[in-house]
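Here the structure is laid out as structure tokens; the discussion comes afterwards.
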Protein chains: 2
Amino acid sequence: MDEQWIIDKIKAAGLKLTRPRMLVIEVLRQNKNGFISADEIFNLINHKEKVCDLTSIYRTLTSLEEIQLVEKSDFFGEASQYRLLSHQDHYHHHHHYFKCNECGKIEVLCGDCNVVQYENDLKKRGFSNLSHRLELSGLCPSCNK
Amino acid sequence: MDEQWIIDKIKAAGLKLTRPRMLVIEVLRQNKNGFISADEIFNLINHKEKVCDLTSIYRTLTSLEEIQLVEKSDFFGEASQYRLLSHQDHYHHHHHYFKCNECGKIEVLCGDCNVVQYENDLKKRGFSNLSHRLELSGLCPSCNK
DNA sequence: TCTTTATTGCAATCTGTTTGCATTTACCTT
DNA sequence: AAGGTAAATGCAAACAGATTGCAATAAAGA
Ligand SMILES: [Mn+2]
Ligand SMILES: [Mn+2]
Ligand SMILES: [Zn+2]
Ligand SMILES: [Zn+2]
């Protein structure tokens with residue numbers, strides 16, 4: 001059911017394996033590679049009957065972010081969005097996002113990026129410790145038809 | 001005092017030249033090339049005595065954004081930030097931002113960008129109408145010492 | 001099973017922002 | 001220079017997303 005490495009990571013961090021946490025993770029897993037808000041998670045979890053409070057979802061997301069199981073994005077205005085980091089994301093994670101202006105879906109774009117060149121220019125100008133985030137928008141392939 | 005083209009733009013849009021609007025613009029002008037929040041604008045305007053309501057500042061910023069005199073950014077978490085677009089910004093504006101992790105200052109980086117290459121790759125994959133925003137962070141030259 | 005400590009639910013609180021509405025103001029007409 | 005009109009304002013109330021305090025609960029180790 002839940003991938004083992006997730007369980008391991010939570011335990012290794014000294015966090016308990018609680019019901020709200022399992023529920024949140026399950027939703028995030030189903031939503032792999034996409035972003036989802038706390039409220040959307042809440043609604044998915046509680047659509048039949050209320051089994052978990054919104055507060056706990058926020059707290060869970062915060063904890064999971066701290067142990068780098070979850071990535072939070074304030075990028076797209078509105079409510080913060082979250083996604084489960086994949087096992088490999090966790091090692092060399094890099095943030096390129098695409099938001100479709102039509103369907104609103106946020107997609108994580110994998111692959112190399114050339115912003116590094118840009119960063120090198122900035123280093124020459126006295127900036128340091130650089131990191132970056134890139135947000136693209138437009139029409140996604142399915143809305144493009 | 002106020003640059004003429006700003007006045008012209010406001011009139012051309014059919015907006016009235018009101019006191020709150022003039023006050024906000026004056027603050028934005030002084031803050032050229034930097035971002036500032038509604039609340040900071042409020043405090044600057046009213047530091048001696050209250051001359052303008054926060055609501056009007058929000059409404060002013062929204063109006064000015066609509067006529068593209070102001071750019072709003074929800075980029076950096078926290079409160080939205082605004083800046084006055086320069087005359088030339090208005091024509092080929094491009095958004096590259098740098099936020100210093102130390103002093104918190106947000107800087108607008110001018111200059112060309114190579115993300116266009118990235119966009120070209122995406123076009124081949126079926127995306128269209130692409131635009132992008134790039135956020136960099138790290139230490140600015142002054143905090144780097 | 002017992003004990004300890006983290007985690008939970010709930011209500012209250014917070015911050016940033018927006019809205020409704022009565023009053024005022026800019027500015028166009030006379 | 002006054003007057004009329006629609007736009008813009010101030011104030012209070014509402015809003016949304018998120019956070020906090022606290023007493024009750026439940027997970028994990030003994
Ligand atoms: Mn990159
Ligand atoms: Mn660019
Ligand atoms: Zn789409
Ligand atoms: Zn700095």
Side-chain angles (χ1 to χ4, degrees), chain A residues 2 6-27 35-46 49-67 69-82 104 106, chain B residues 2 6-27 35-46 49-67 69-82 104 106:
Chain A
D2 284 313
I6 296 179
I7 307 282
D8 292 345
K9 198 127 204 279
I10 290 174
K11 285 190 169 171
L15 297 179
K16 290 181 180 172
L17 238 43
T18 66
R19 191 152 146 63
R21 287 210 251 250
M22 291 301 100
L23 291 167
V24 168
I25 287 171
E26 196 47 36
V27 169
F35 281 92
I36 187 171
S37 69
D39 202 67
E40 289 168 328
I41 296 172
F42 177 85
N43 289 131
L44 286 172
I45 289 178
N46 300 294
E49 49 167 342
K50 185 173 175 193
V51 292
C52 174
D53 196 78
L54 181 57
T55 309
S56 303
I57 293 174
Y58 276 112
R59 284 195 271 230
T60 290
L61 291 168
T62 304
S63 303
L64 297 184
E65 194 197 0
E66 278 161 9
I67 65 172
L69 254 178
V70 157
E71 175 183 27
K72 176 183 180 180
S73 171
D74 296 314
F75 244 49
F76 304 98
E78 307 155 354
S80 294
Q81 311 253 106
Y82 304 82
I106 295 167
Chain B
D2 284 313
I6 297 179
I7 307 283
D8 293 345
K9 198 128 203 280
I10 291 175
K11 286 190 168 170
L15 297 178
K16 291 181 181 173
L17 239 43
T18 65
R19 191 152 147 65
R21 290 213 252 250
M22 292 300 99
L23 291 167
V24 167
I25 287 171
E26 197 46 37
V27 169
F35 281 92
I36 186 170
S37 69
D39 202 66
E40 288 168 329
I41 296 172
F42 176 85
N43 289 131
L44 286 173
I45 289 179
N46 300 294
E49 47 167 343
K50 183 172 176 191
V51 292
C52 176
D53 196 78
L54 182 57
T55 309
S56 303
I57 292 174
Y58 275 111
R59 284 196 271 229
T60 290
L61 290 168
T62 303
S63 304
L64 298 183
E65 193 197 1
E66 276 160 10
I67 65 172
L69 254 178
V70 157
E71 175 183 28
K72 176 183 181 182
S73 170
D74 296 314
F75 244 50
F76 304 97
E78 307 155 357
S80 295
Q81 311 253 107
Y82 306 82
I106 295 167

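Below, chains carry the letters A, B, ... as their sequence lines are ordered, and counting in each starts from 1. Note: hydrogens, waters and symmetry copies are ignored here, and every other heavy atom, side chains too, is used.
Side-chain contact between A:L61 and A:K72 is absent, with no heavy-atom pair separated by less than 4.5 Å. Inter-residue side-chain proximity for A:K16 and A:K11 is flagged as unmet; no heavy-atom pair is nearer than 4.5 Å. With contacts defined as side-chain heavy-atom distances shorter than 4.5 Å, the pair B:R19/B:V51 qualifies.
The CG atom of A:D53 sits 17 Å away from the P atom of D:dG21 (whole-angstrom rounding). With rounding to whole Å, B:L61 atom CG is found 10 Å from C:dT18 atom P. Rounding to whole angstrom units, CG of residue A:D74 and P of C:dT17 are separated by 13 Å. Rounded to whole Å, atom P of C:dA6 lies 11 Å from atom CG of A:L15. B:L23 has its CG atom 14 Å from the P atom of C:dT25, to the nearest Å. For the pair B:Y58 OH and C:dG20 C1', the computed distance is 18 Å after rounding to whole Å. When the C1' atom of D:dA28 is taken as reference, atom CD1 of A:I7 falls 14 Å away, rounded to whole Å. In this structure, CD of B:E65 is placed 12 Å from P of C:dT17, rounded to the nearest angstrom.
Comparing D:dC11, D:dG17, C:dG16 by their closest approach to the side chain of B:A79 singles out C:dG16. You'll find that the side chain of A:K50 is closest to C:dC10, out of C:dC27, D:dC11, C:dC10. In this structure, of D:dT9, C:dT7, C:dC10, it is C:dC10 that holds the atom nearest to the side chain of A:R59. Among D:dG21, D:dC11, C:dT17, the nucleotide with an atom closest to any side-chain atom of B:S80 is C:dT17.
Note on A:T60: every side-chain N or O is 4.0 Å or more away from OP1 and OP2 of C:dT7. Distances shown here put every side-chain N or O of A:T18 at or beyond 4.0 Å from the OP1 or OP2 atom of C:dA6.
Note on A:L54: nothing from the nucleic acid sits closer than 4.0 angstrom, heavy atoms only. Contact annotation for A:T55: base contact, defined as any heavy-atom pair under 4.0 Å involving a base atom. Using a 4.0 Å heavy-atom distance criterion, A:R21 is classed as a sugar-phosphate-only contact.
The only member of B:I45, B:T18, B:I41 that meets side-chain contact (heavy atoms from CB on, under 4.5 Å) when paired with B:L23 is B:I45.
Comparing B:Y82 and B:K11 by the nucleotide of DNA chain C whose heavy atom lies nearest to each, the residue mapping closer to the 5' end is B:Y82. Positionally, the nearest nucleotide of DNA chain D for B:K16 lies more toward the 5' end than for the other of B:C52 and B:K16. Mapping B:L17 and A:V51 onto DNA chain C by nearest heavy atom places A:V51 at the nucleotide closer to the 5' end.
Within the structure, side chain to side chain donor-acceptor pair (under 3.5 Å) contacts touching residues 55-65 of chain A (residues at least two apart or in different chains) are A:D53-A:T55.
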